[in-house]
Each structure stands twice: as C-alpha cells, then as structure tokens.
J.: 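Sharing a structure below in structure tokens format, with a few things to ask.
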2 protein chains.
Amino acid sequence: MHAYEKIRAEMLHRITRQIWPAGGNLPHEEQLAAEFGVARGTIRRAMADLVQQGIIVRRRKAGSKVASRIAHSSTLTIPIVRHEIIDSGADYGYELLSAEKGGNALDKTGHFKGAPLFHICCLHLSDGRPYQFEDRLINLDAVPDAAETNFDNKSPNEWLVEKVPYSAVGTVLRAEAADSTQARHLKIRKGYPLFVIERQTHLDILPVTLVKMSHPADLFSITTQTGVFD
Amino acid sequence: MHAYEKIRAEMLHRITRQIWPAGGNLPHEEQLAAEFGVARGTIRRAMADLVQQGIIVRRRKAGSKVASRIAHSSTLTIPIVRHEIIDSGADYGYELLSAEKGGNALDKTGHFKGAPLFHICCLHLSDGRPYQFEDRLINLDAVPDAAETNFDNKSPNEWLVEKVPYSAVGTVLRAEAADSTQARHLKIRKGYPLFVIERQTHLDILPVTLVKMSHPADLFSITTQTGVFD
DNA sequence: AGGGCTAATATGTCTATACATAATCGTCAT
DNA sequence: ATGACGATTATGTATAGACATATTAGCCCT
C-alpha cells in the first residue's frame, strides 16, 4: 500500500468518523505533510481522489474543508447492450425493425436543424425475450457512411461506437409508460412501465445521433457503488 | 489556460478525430513531453483526466492506449429532494406518513441481520403535488439517536445526511409499476410507471439505512453531461 | 460603517530527478 | 514447442523547490 493510499484512507476515516466534521476546515497541506512525514505532493495526491468524489472541497487561500453536504454522486456506466446481455449469461438476439432515410421531417425536436437523417428502429433480445427497443436518428451529414450501411445484422449502436468519433454525450434517464409501438415490439401491454435512456452524441457542435432506448422495467436496472477505498 | 489543459484538449482532439485511433497505442510520456516541450509530470497531469473518464487506458510497460470501447460513463448526482424541488423553482412540501419502531420483522431482505429498526414513510411534494414517496429503514444500532427523533417536520433523508457519517453507498435505479400503497400516496393510479431509486448506506461494514424513493415517471428524470473539456 | 487597495496565504501548476513496480520480451535450458 | 528466468521498459510513486493565482483579511481612507 502506497503512502498516499494510507493517507487517503486515514483522511477518509477522520471524515466518516467526524474527527474532521462536515463543513469544517482541514489542516493545510504543509501541516498534513509534516504530520504524515511526506512531501506536499503526496498529500495532494491523497486529496485528489477525495476532491474527485466531492468529499472535500478546496479553494485557494480559503483552504480545504469537508463538503458540508457530500453529494451522493456516483459514476454510472451504460454498456453496449449486446455485451450487457452476454455478460449476464443470456443469449443475445438482434432484429432490425425499420430503416428509413428522410429529411428533417423526422427531426421533431429540431435537434438536427434540417440535416438529412437516417431513422432506424431495432430490437435487442435476451434469451429470445425483447430487452431493448432502440429508436435512433443518425445525422447523415455527420456520418455519411451510415447511408450505405446495412443494419440487418449489426446494430447501429455498435456500428457507431466503432466507426464514429464523438466528443460530448448527454444522457437522460427516466421512466415512462409504453406506447402502442413500444408495447408491440417489446411484447408487453400498453402502459407497462419502461426504463428509458435517451442519449445524444456530438462531435464538437455537430449533432451525430439521437437515440431512445426503452427497456421493460422488470428486465432492467442500473447499479452503482461508491465511496469504498481499501 | 494551463499547459496541461491545452495538452489534454489536444490529446482528446487526436482521439475524437481518430488521429490516435481507438485501440491504438499512443506515444510514451517521454515522447509526448518532448513533443509538447513540458516535463513528464505535466503530461501525466493531462492524461489523468482522460484516464479517469475511461478514454485512455494505461498499463505499466505495455504503455498507454485509446480505450477500444470507450464506456459511456458519466457521473450522476442524486441531490437531496428538498433542494432539487426548490432549485426547480417550485414550493417544497413534506408530510410524514408513518414512523414505526420494530425488530427484524421489517427487514425483509435480511440486510440488517436482526438489528432493531425504525421504519419511516414520508412524502415530498413539489408545488403541492406528490413528487417522491420515501420508504426508509434505519438501523438503530448504527444510529441510536434516530429513535428519539421526531420526523414530523424534517425528513429522515436530510436528518441522516447531516448527522450520520457513512463510508459506502450502493444505488440502484429502475422503473416499476406503482403498487396500491405508492399509488395512494403519490395520487396516481395503480400500475402507473415510477422511477425508483434504492439506496443503501454503510459505515464500514455496518448497514446504516436502506431507502426506496419512488417518483411518478412524468415528474422525474436524471440528466448527465460528459466529455466536454473546454 | 463602507469601499477600495494591498499584503498575506493556501492551493494550483510546473520542473527535474530518483527510484519502485508491473509486465513484457527475449534468451536459454529443457 | 514450452516453461523459467532475467533484462528491459513504460508507467507509478515520491521528493523538493519555484513560481502563479485566486481569495481572503487587514488596513486605510472617506
């Protein structure tokens, strides 16, 4: 175990046990360096992870303090659906439902500002049961290759991840009731709860793709763990 | 703009534009340091954020490479519900529904291993409309003060965050259909989609609290942004 | 009091160097 | 081939010092 890890663990201990109470100031880097008998850089290294997690807050001249309300923040990872299914031990199945080229008529949100679009709907299955309904718009200005691509056997999700660079991603998570289209494809009744992930991807300012992924509530959840250093 | 920020932006540019293709190796720290005319430490500083985001992967001796499948990971923050409502510009309302002390009979999951428990149900309202139904178990061995506390006016959520240290948090996000209890309190019909957050908090290995927070699907979503450095 | 300037100060950036460590790669013996 | 072993090497950790910069805190002036 490295020095900075021991120090980080000790600092976390002092915070969780309220030896350093929430909202209170910590000693300066120099003082801590002296206390632990290390260089200032090592103290900074130890604190870096705690800052990253929002456990301590640092400001020039004002000093470092324990966050008064430690945010319950955690990193969530949304995997490629095929890997998710295979990793769970199930068989993965894929089905293309529709692939239709069209203009801005498809762009109901105005997100793509009149660019030529490719609209694809497909289904991902886990052990033969519908797992995710994917409804995607691709900006053909940003991804001209997509127009020539056949998504019969490969999902646009994976194709894009492999082929297309992006620089920014926005994600929305929410629940909603299945409409008739979603219900038909996911083989559930209309109104059944869905876990929906919407994601839009940009390359600099150019919108690349907008996707809505719907899952039957009973098949899908997202789990995260945080805050364990050992 | 600091040197490491410029370098990080340039590296990200090379990755998103596939000058450094996914899965490919990038130059050594020494080479990059020479190219950018900085010390090795500055290159490491620039790379640190990219590693943190999972954009590059580094291994001793093997070198650094662009992640072959960049995970769509992002940091999600779950705020205290009162702040969330107030920040949205709405009026916050709180209502205690029940507060009942009891033994391990309440612990259906076996999570608390027979510890004495406090079971609290309450409601958070946004502009008078039910926004979150909170169903919580508190371990009185971990938080004896809770037994003496009156949650008539203050939600256990906030009380705990202020008073009780914790060291690890597990969170599950999912959708589900409202059961009759949830429907009654949230004033929606049974079967209506809910966005549910379940969270369990530990202090070291001691379970502190287990909470299920249910929101009507139309009122709640989680939004994240990632990958923009500028 | 209140407003504005200055000095003090804790954190942030950067450099340069040394050594530690994990993994790979080639070599050699089997 | 195959496996063991040791050299090589890129990243990881730690140190010490210099300077930059944001903010506070104190001071002076009105």
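Every chain is numbered from 1 and lettered A, B, ... according to where its sequence line falls, protein lines coming before strand lines. All of these numbers come straight from a predicted model, not from anything done at the bench.
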J.: Donor-acceptor pair, A:Glu158 side chain versus A:Ser155 backbone, under 3.5 Å?
T.: no
J.: How many whole angstroms separate atom NZ of A:Lys65 from atom P of D:dT23?
T.: 14 Å
J.: For the pair A:Asn139 (side chain) and A:Thr209 (backbone), establish whether a donor and an acceptor sit closer than 3.5 Å, ignoring hydrogens and angles.
T.: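 No, because the side chain of A:Asn139 does not come within donor-acceptor range (under 3.5 Å) of the backbone of A:Thr209.
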J.: Just to confirm, is there a sub-4.0 Å distance from OP1 or OP2 of C:dT11 to any side-chain nitrogen or oxygen of A:Ser64?
T.: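 For C:dT11, OP1 or OP2 has a side-chain N or O of A:Ser64 closer than 4.0 Å.
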J.: D:dT8 P sits how many Å from B:His28 NE2, rounded?
T.: 16 Å
J.: May I have the distance from A:Lys61 (atom NZ) to D:dT23 (atom P), rounded to whole angstrom?
T.: 13 Å
J.: In whole angstrom, what separates B:Arg58's CZ from C:dT24's P?
T.: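 Value for this atom pair: 15 Å.
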J.: Within less than 4.0 Å of OP1 or OP2 of C:dT11, is there a side-chain N or O belonging to A:Arg44?
T.: no
J.: Which value, rounded to the nearest 0.5 Å, describes the distance between A:His124 atom NE2 and A:Glu95 atom CD?
T.: 11.0 Å
J.: I need the CD-C1' distance between B:Glu30 and C:dT17, as an integer number of Å.
T.: 11 Å
J.: Using only heavy-atom distances, decide whether a donor-acceptor pair under 3.5 angstrom links the side-chain of A:Arg40 to the base of D:dG17.
T.: no
J.: Do other residues, nucleotides or ligands put more than 12 heavy atoms under 6.0 Å from the CG atom of B:Asp152?
T.: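 It does: B:Asp152 CG has more than 12 such atoms within range.
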J.: Any side-chain N or O of B:Arg45 below 4.0 angstrom from OP1/OP2 of C:dC14?
T.: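 Result: no.
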J.: Distance-only, no hydrogens or angles: does the A:Glu148 side chain make a donor-acceptor pair with backbone N or O of A:Asp145 under 3.5 Å?
T.: no
J.: Roughly, in whole Å, what's the span from CD in B:Glu29 to P in C:dT17?
T.: 16 Å
J.: B:Leu50 CG to D:dT11 C1': how many Å, rounded?
T.: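 For the pair B:Leu50 CG and D:dT11 C1', the rounded distance is 16 Å.
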J.: Tell me if the side-chain of A:Arg60 makes a donor-acceptor pair with the base of D:dT21, cut-off 3.5 Å, by modelled atom types.
T.: yes
J.: Expressed in angstrom and rounded to an integer, what is the separation of A:Arg8 atom CZ from D:dG12 atom C1'?
T.: 14 Å
J.: Starting from the 5' end of DNA chain D, give me the residue, A:His2 or A:Arg59, whose nearest nucleotide shows up first.
T.: A:His2
